[in-house]
Amino acid sequence: MTMARNARCHCGAVRFTVEFPDETLRGSRCNCSICAMKGAVMVYVPREAVTVTQGEHSLACYSFNTGAAKHRFCKTCGIHCFHQPRSDPDLFAVNAATLEGVRPYEDFPEVSVNNGQQHQLDNEGMRLLAGTLRFTPSPDGKWPHEGW
């Protein structure tokens, strides 16, 4: 049984649905140059599991270096929606924050970080782990430096 989730960019110009094999979402991050800057938790699905339902004309595509990865983002608000990873172009890595009802910090308190700086396609096919990011909620729920 599959689980369909609605997703959208920040401004709502781009809307899409994602079919997951079940309710379990497995998030990861990457430390390559673009992923480190975007800082998103990504959830991988087959490309055919993503259907843009509104605003395909609002999606821009960014590609660099080898040109294999295709990063799609909203031209209006700039939010990264999903990308076709270099390591497996038959997949889309969906930005978990775009998924309706998903809270990236709370729902993924521990996220593995793939070592994209030493990409597996440049490293004899070995997928390396750079580390793990952990989210620990503040005990009082306040920003550590309120008043800044």
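Position 1 is the first residue of the sequence, and the numbers go up from there. Hydrogens, waters and symmetry mates play no part in the numbers below; they use all other heavy atoms, side chains included.
At least one side-chain heavy atom of H83 sits less than 4.5 Å from a side-chain heavy atom of M42. Residues V113 and T132 fail the side-chain proximity criterion, which asks for heavy atoms closer than 4.5 Å. With contacts defined as side-chain heavy-atom distances shorter than 4.5 Å, the pair F92/P46 does not qualify. In this structure, V94 and Y44 have side chains that are not in contact, with every pair of non-hydrogen atoms separated by 4.5 Å or more.
Taken from CD in E48 to CG in L91, the straight-line distance is 9.0 Å, to the nearest 0.5 Å. One distance of note links CD of Q84 with OG of S63; it measures 9.0 Å at 0.5 Å rounding. Here CZ of F82 is found 10.0 Å from CZ of R47. Values are rounded to the nearest 0.5 Å. Atoms NE2 and SG, from H71 and C81 in turn, are 13.0 Å apart once rounded to the nearest 0.5 Å.
Considering all non-hydrogen atoms of both residues, L59 and C74 come closest at CD2-N, 4.4 Å. The minimum heavy-atom distance linking A60 with K75 is given by the pair CB-CG, 3.4 Å. Across all non-hydrogen atoms, the minimal contact from P85 to A93 is CD-N, 4.3 Å.
No more than 12 heavy-atom neighbours from other residues, nucleotides or ligands sit within 6.0 angstrom of CD on E56.
Distance alone, capped at 3.5 Å, places no donor-acceptor pair between the R134 side chain and the T136 backbone.
Transitive grouping of hydrophobic side chains (ILVMFWY, heavy atoms separated by less than 4.5 Å) keeps I79 and F108 in distinct clusters.
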Show which side-chain atoms of residues 95-105 pair as donor or acceptor with protein atoms under 3.5 Å away, not counting sequence neighbours.
unit_1	atom_1	unit_2	atom_2	d
N95	OD1	A97	N	2.9
N95	ND2	H80	O	2.8
T98	OG1	N95	O	2.6
R103	NH2	D107	OD1	3.1

Which pairs of donor and acceptor atoms, one on a side chain in residues 15-28, lie under 3.5 Å apart (sequence neighbours left out)?
unit_1	atom_1	unit_2	atom_2	d
R15	NE	G12	O	3.4
E19	OE1	T2	OG1	2.8
D22	OD1	T24	N	2.8

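Through direct or relayed side-chain contacts under 4.5 Å between Ile, Leu, Val, Met, Phe, Trp and Tyr, I34 connects to Y62, F64, F73.
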